[in-house]
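By convention in this document, chain letters (A, B, ...) are assigned in the order of the sequence lines, proteins followed by strands, and residues within each chain are numbered from 1.
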Amino acid sequence: MAVLYTMERNGVLLDQKLLAELSAEFGAKMIDIEKRAHEQAGQPFNLSSPKQIQEVLFEKQGLKPVKKTPTGAPSTDEESLAELALDHPLPQLILDYRGLAKLKSTYTDKLPGMVNRNTGRVHTSYGQATAVTGRLASSDPNLQNIPIRTAEGRRIREAFIAPPGSHIVSADYSQIELRIMAHISRDESLLRAFAAGEDIHRATAAEIFGVDVRAVDNEQRRYAKVINFGLIYGMSAFGLARQLNLERAAAQQYMDRYFQRYPGVAEYMRVTREQAHQQGYVETVFGRRLWLPEIRSSNGNRRQGAERAAINAPMQGTAADLIKMATIQVQKWLTEQNMKSLLIMQVHDELVLEVPDAELAVVKTELTRLMTGVAELAVPLLVEVGVGPNWDKAH
DNA sequence: AGGTTAAGCGCG
DNA sequence: AAAGCGCGCTTAACCT
């Protein structure tokens, strides 16, 4: 994939002033939180140290551990601290500190140092034979995990900018893995929902809760979304219960209801497990294989882990196949048409370009055409294109 | 000094 | 007994 070298060489421009401001702001907040945490604890301690957090919370403050880490130590992860925060002010302070520390150390402090002296840009490396599912992997720096899920984190995305006279254009596949599940399973309800252009989580909620699509409330849609994503990952009723804070029996009812309404998906799960077990591998729609050496392990946990990977791989892997083909097509078109637009990043289901203003209209049109037309599946491929002065506004 | 592992968390 | 897939990066803790 020569296009990967093109993307690496093109690189992305950063607003270094903004990153410096964010670093200063995050740093000041961290110092303030640290002070308050030390007051609450009645002693100074390192808020980055799981061991010291354990000592303060579970020994000194006497809070009860929520769960344990694989090595048996009481866990201080986000889920645990969020629960402990209901009874004590300290865990929330630690969580706030951690969030800021992550953003500062990984992004706002680090990225400016990665700017190339000659080009003034950041150049990632794409690993083409790293992820077992066929995805690319981005490293040094990783540009595939730039924050977006929180308002605080999104401000970092604003630092990914286009030069004067250009804009950032982002084009991403909408619900690509669920569409692939529809294609592979040929489940009637799923095919119909996508063909009709329905909001898939809303449609799923209507099926599971037995109400009209228009009557689905936000809570029901949120449940359906968790179930839809969970299915792609091979989640169990136990996992669903934990995710939605439900009784296990209730979670099991939702799953039963789902598979009753989408029998094609249930069949896909069954057939995929069976094929993986018999052949020792699973395949994407385009035939790339993922070998599963642990699918016949006598260790039940390892075997079940391999089964979940088997269920996920055809969807994640086919999505990877599709965007790889699309990436090649897009670069081919840019080259043939002598466009000045640059492909600068790939983030699993998204392509990011730096586009001179004069080319905006045609690039938007052609990106959509090339990405939606890259393959003919049993459901339409939908691409959402955004334009902005930076990556955040383009998304 | 330099490498590895554990814990944790950013993204799709 | 575990329980949700795929990655890469940072800090702490521990090792040689």
Whole-Å distance between [N] [atom2] and [X] [atom1]?
| X | N | atom1 | atom2 | answer |
| --- | --- | --- | --- | --- |
| A:M114 | C:dG8 | CE | P | 14 Å |
| A:L100 | C:dT11 | CG | C1' | 16 Å |
| A:Q144 | C:dC9 | CD | P | 11 Å |
| A:I156 | C:dC9 | CD1 | P | 16 Å |
| A:Y107 | C:dT10 | OH | P | 9 Å |
| A:R135 | C:dG6 | CZ | P | 10 Å |
| A:F238 | C:dA1 | CZ | C1' | 11 Å |
| A:L47 | C:dA12 | CG | C1' | 14 Å |

OP1 or OP2 of [N] less than 4.0 angstrom from a side-chain nitrogen or oxygen of [X], does that happen here?
| X | N | answer |
| --- | --- | --- |
| A:K102 | C:dC9 | no |
| A:R157 | B:dC11 | no |
| A:R242 | C:dA3 | no |

Side chain of [X] only, please: which of [options] is the nearest?
| X | options | value |
| --- | --- | --- |
| A:T69 | C:dA2, B:dC9, B:dA7 | B:dA7 |
| A:P147 | B:dC11, C:dA2, C:dC5 | B:dC11 |
| A:A131 | B:dG10, C:dG6, B:dG12 | C:dG6 |
| A:P70 | C:dG6, B:dA7, B:dG8 | B:dA7 |
| A:S49 | C:dA12, B:dG10, B:dG12 | C:dA12 |

Hey, could you give me the OG1/CE distance between A:T124 and A:M114, rounded to the nearest 0.5 Å? 7.5 Å
Would you say the ring centroid of A:Y254 lies under 6.0 angstrom from that of A:F209?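 Yes: the rings meet the under 6.0 Å criterion.
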Should A:R135 and A:E177 count as an ion pair when the cut-off is N to O under 4.0 Å?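 Yes.
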Charged N to carboxylate O under 4.0 angstrom, A:E354 versus A:R121? yes
NA contact type, [X], heavy-atom cut-off 4.0 Å: base, sugar-phosphate, or nothing?
| X | result |
| --- | --- |
| A:D172 | nothing |
| A:R98 | sugar-phosphate |
| A:R308 | sugar-phosphate |
| A:I148 | sugar-phosphate |
| A:E177 | nothing |

When A:T106 and A:V132 are each assigned the nearest nucleotide of DNA chain C, the 5'-most assignment goes to A:V132
Of A:Q52 and A:P141, whose nearest nucleotide on DNA chain C comes first from the 5' end?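 The 5'-side residue here is A:P141.
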Distance, P atom - from C:dA3 to B:dG8, rounded to whole angstrom: 15 Å
Side chain A:N142 and base C:dG8 donor-acceptor under 3.5 Å: no
Hey, is NZ on A:K60 packed in by over 12 heavy atoms from elsewhere, all under 6.0 Å?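 Yes, because the 6.0 Å sphere around NZ of A:K60 holds more than 12 heavy atoms from other groups.
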Does atom NZ of A:K67 have more than 12 heavy-atom neighbours, drawn from other residues, nucleotides or ligands, at distances under 6.0 Å? yes
Pairing nucleotide - C:dA2, Watson-Crick or G-U, each distance under 3.5 Å: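 Looking at the geometry, C:dA2 pairs with no nucleotide.
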